[in-house]
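The structure appears right after this line, and notes come after that.
Here is the naming used below: chain letters follow the sequence lines, and residue numbers restart at 1 for every chain. All values below were derived from every heavy atom in this structure, side-chain atoms included, with hydrogens, water molecules and symmetry-related copies excluded.
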Amino acid sequence: MNIESALAADIQAVLKDLYGLDQGPKLDQTRPEFEGDFTLVVFPYLRASQRGPEETAQQIGEALLERSSLIASFNVIKGFLNLVIQSGNWGAFLEQHWDQDRFGFGTPKTEKVMVEYASPNTNKPLHLGHMRNNFLGYSLAQLFKAGGYDVVMANLINDRGIHICKSMLAWQRFGNGETPESSGLKGDHLVGKYYVVFENALREQSGPAIEAALQGQFQHENQVVQTRYNQAWTKLQEAKEEKQIAKIKDDIKELVRNQSELMLACQSMLRDWEAGDAETLALWKTMNGWVYEGFDSTWKRMGVSFDKFYYESDTYTLGKDLIQEGLDKGVFYLKEDGSVWIDLRDDGLDEKLVQRGDGTSVYITQDIGTAQLKYEEFAVDRSIYVVGNEQDYHFKVLFLIMERLGRSYAKGMYHASYGMVDLPSGKMKSREGTVVDADDLLQEMVDAARETTEALGKTDGLPQEELNALYESLALSALKFFILKVDPKKRMLFNPAESIDFQGDTGPFVQYSHARIRSILRSAPADWTQAPEAEEAMSETEINLLKTLAQFPDTVNQACLQYSPALVAQFLLDLAKAFNRVYNEHSFLKETNASLMKRRLKMASMTAHALRNALNLLGIQAVERM
RNA sequence: GACCCCAUAGCUCAGCUGGAUAGAGCAUCUGCCUUCUAAGCAGACGGUCACAGGUUCGAGUCCUGUUGGGGUCGCCA
């Protein structure tokens, strides 16, 4: 039991004795301007004590001083009872944990957790938005592992559909047999290139027709298409609001675009794919293969990994049996055209389509099926989906559906929703070429790390291989820390110029603190643990370091509960700062008192463990020197 | 139009389930390396917590409304 919870237990007993209250007290850290370690706010107990705030605080303080061996003294300011911990307790805390490798981690639990993240489309290379997803997902998985859970990291790859066919068609027509080998391009970038080629060709091909259609000129042999256009055109004439006009124009553009020769060929290719056409499948496999090779190297470089891959080409037909089950149970209902719906208006949502009139799946149909599949394969108690917040509504619907279908695992489903990454210029838009490519960004960061490190010259003499690994680690820690220290739920701004900063509240700052400790420990005399225990009182900065360390277990716990690696990042900054203050104020190896040296080295060692463990929770490898 | 999320220092962000005089980093300015890693430490400057009400002994935090920003409401995924 740690000091804080032991103290809380003592206070609870006192409150029961004095006022007959039976509730756990809430303790705060005492603000630095006051004397004390923990503060109890007594306002909530005034009713029970029948006294004023100061008197109540005094009374509780006196009773506590008598009862608890933890307390050295107390002081009362208004309704605040500041408690000073017997300094010996901090020594005992240090003694107990300084050499514990897994300090802060939870005890093993039987609960099984699946974290699904990454989940890319196979038509474009990864970009900055994916990186936030990947870093969050991997970190959440590490957090739950640290919390003692059995974790499966899953990746559901969207490897089929019209967007994949676009790349395939463009390559077929304009590729001249280009391959990653022949072009020297990374596979995912090569396929992405043809996706862009397709979009450009499509724009060229359908541009004039769109222009004409927006002027009211559109002729099509298909009567249905013609009617839809005519209706839209009529609406456009009547529309007054700017927003509405833009929407109708978009509809018309899409209608015309979909009738272009390229789009028709693309749709035909998708039908061939679904029919199992050998040639189409072969091309699909080849090009997806290139993409996977590219993704694998990017994931590896980003330091993320997966235990299980799902592919939409396998799962896109799933869920139909559950649709039938839902119809039988009366959870879903049929419309005249044969489409299947669920009415979620009781839960404040809308009616939602779950299967098309022709019996084919929509997005959510697959998700229903995949949820069931995950449960059957892994018996997961908790299933976490790391997906952007633009899908908040979708997951609300999905989880409600699973609940209404009576799935026991529905309550364990959670959408780890995160905000978009904005650039100083605004939203990333692939059409405007403002996306930040993952591979480019990684390389820029590595180059920056090398330049900074070389300029400082502290690593001279290390073998090149080690240096390269160091640059990778430092670059990654800067990037991951920059992204993970922000509350996942909030949208965040990524300024490429500033993110490369290695000073202040950054990953390299934490790494630096760790490397500095490791350097001390490497140079420590072999027999330092032999010295007698120190009797001297600790300084305030030393106690502050131990207080910060003591918060690690609770931080891990809270980070799991809130699905927020940001809490760990903030803790890392607190801890590194707390240590750096001690470092600045006291000596370690230069300390002439052997007992004090021993105590400080224990603190250094414990801090290094905690830093390394917490960094690992963010998916960052701690470096030994820098 | 309906619903969801967000708004804290010039900039980027913390602020735990309501608690004392709202905190960091960057930027600007001042100090500290012949001593264990200065990617560090210490200090200064900088705030009507978007606005208006309300609940409370106490509100950046909870409720209502307003404004501003983003998202969703596709038989796209």
Qualifying side chain to side chain donor-acceptor pair (under 3.5 Å) pairs, either residue in residues 474-490 of chain A, two or more places apart: none
Greater than 12 external heavy atoms within 6.0 Å of A:Arg522's CZ: yes
Residue met sooner reading RNA chain B from 5', once A:Asn389 and A:Asp28 are mapped to nucleotides: A:Asp28
Residue whose closest nucleotide on RNA chain B lies nearer the 5' end, A:Asn580 versus A:Pro44: A:Pro44
OP1 or OP2 of B:rC76 under 4.0 Å from side-chain N/O of A:Arg356: yes
Phosphate contact (B:rC57 OP1 or OP2) by A:Arg47 side-chain N/O below 4.0 Å: no
Structure string for RNA chain B in dot-bracket form, Watson-Crick and G-U at under 3.5 Å, | interchain: (((((((..((((.....[...)))).(((((.......))))).....(((((..]....))))))))))))....
Touch class at under 4.0 angstrom, heavy-atom based, for A:Glu254 against every strand present: base
Touch class at under 4.0 angstrom, heavy-atom based, for A:Phe80 against every strand present: base
Aromatic ring pairing A:Tyr311/A:Phe309, orientation class (parallel under 30°, perpendicular over 60°, tilted between): parallel
Please tabulate, one pair per line, each protein N/O and nucleotide N/O from nucleotides 8-13 of chain B that are separated by under 3.5 Å, including the distance.
unit_1, atom_1, unit_2, atom_2, d
B:rC13, OP1, A:Leu493, N, 2.7

Presence of donor-acceptor pair under 3.5 Å, side chain of A:Asn82 and base of B:rA20: yes
Side chain of A:Ser339 (C-beta onward), nearest among B:rA77, B:rC36, B:rC75: B:rC75
